[in-house]
Amino acid sequence: MARAFRLARLQDYVTRWLPGLEASRPTPMGCTCTSAPDGEFVLERHGPLVVGAGFSGHGFMHAPAVGETLAALATDRVPATAHG
C-alpha cells in the first residue's frame, strides 16, 4: 500500500473518530518503541505508582509474566513467577 494512500486513510480516520484533532497537517515521526539501557524490562513500584516500560516491541511475548508481576506490585504481593 502506497504511503500517500495510508496517510490519507489515517487522516480520514482521525477526522471521523477523533473530533477536535487536526488531521490535515500530520507530523511524521519514527518508531516509538522504548527500551531500557540494559535491555531489561522496567517493572517497578515507586510509592503508589506502578511502572511497566521498556518492552521495545517484544513485551507481548512476556505478557503473562509481566501482567502477573505488575499486578503483584500493585497489590503488595509476591508474583507467582517469583516462586520458581
Side-chain angles (χ1 to χ4, degrees):
M1 197 178 321
R3 181 176 184 216
F5 179 72
R6 289 192 310 259
L7 177 57
R9 287 187 64 195
L10 178 59
Q11 288 172 301
D12 289 344
Y13 180 90
V14 169
T15 299
R16 181 173 180 187
W17 295 104
L18 303 170
L21 294 183
E22 177 57 56
S24 66
R25 294 180 298 175
T27 302
M29 58 190 300
C31 179
T32 58
C33 291
T34 60
S35 60
D38 62 3
E40 298 293 323
F41 298 155
V42 176
L43 305 171
E44 300 178 5
R45 181 177 180 157
H46 296 277
L49 180 66
V50 175
V51 177
F55 303 109
S56 188
H58 68 275
F60 71 93
M61 293 183 290
H62 305 281
V66 167
E68 174 64 26
T69 300
L70 292 173
L73 288 168
T75 58
D76 290 323
R77 61 184 174 78
V78 176
T81 55
H83 296 298

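All values below were derived from every heavy atom in this structure, side-chain atoms included, with hydrogens, water molecules and symmetry-related copies excluded. In this text, all values refer to a predicted model and were calculated from it rather than measured experimentally.
- In this structure E40 satisfies the side-chain hydrogen bond (donor to acceptor under 3.5 Å, both in side chains) test with no other residue, sequence neighbours excluded.
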What donor-acceptor contacts under 3.5 angstrom involve side-chain atoms of residues 43-51, with partners at least two apart or in another chain?
residue : atom : partner : partner atom : Å
E44     : OE1  : H46     : NE2          : 2.7
R45     : NE   : G47     : O            : 2.7
R45     : NH1  : L73     : O            : 2.7
R45     : NH1  : D76     : OD1          : 2.6

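- Contact check for F55 versus V66: side-chain heavy atoms found under the 4.5 Å cut-off.
- Membership of an apolar cluster is not assigned to L7, as no side-chain contact below 4.5 Å to another ILVMFWY residue is traced.
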Donor-acceptor contacts under 3.5 Å from residues 11-19 side chains, at least two apart:
residue : atom : partner : partner atom : Å
Q11     : NE2  : A23     : O            : 2.7
T15     : OG1  : Q11     : O            : 2.9

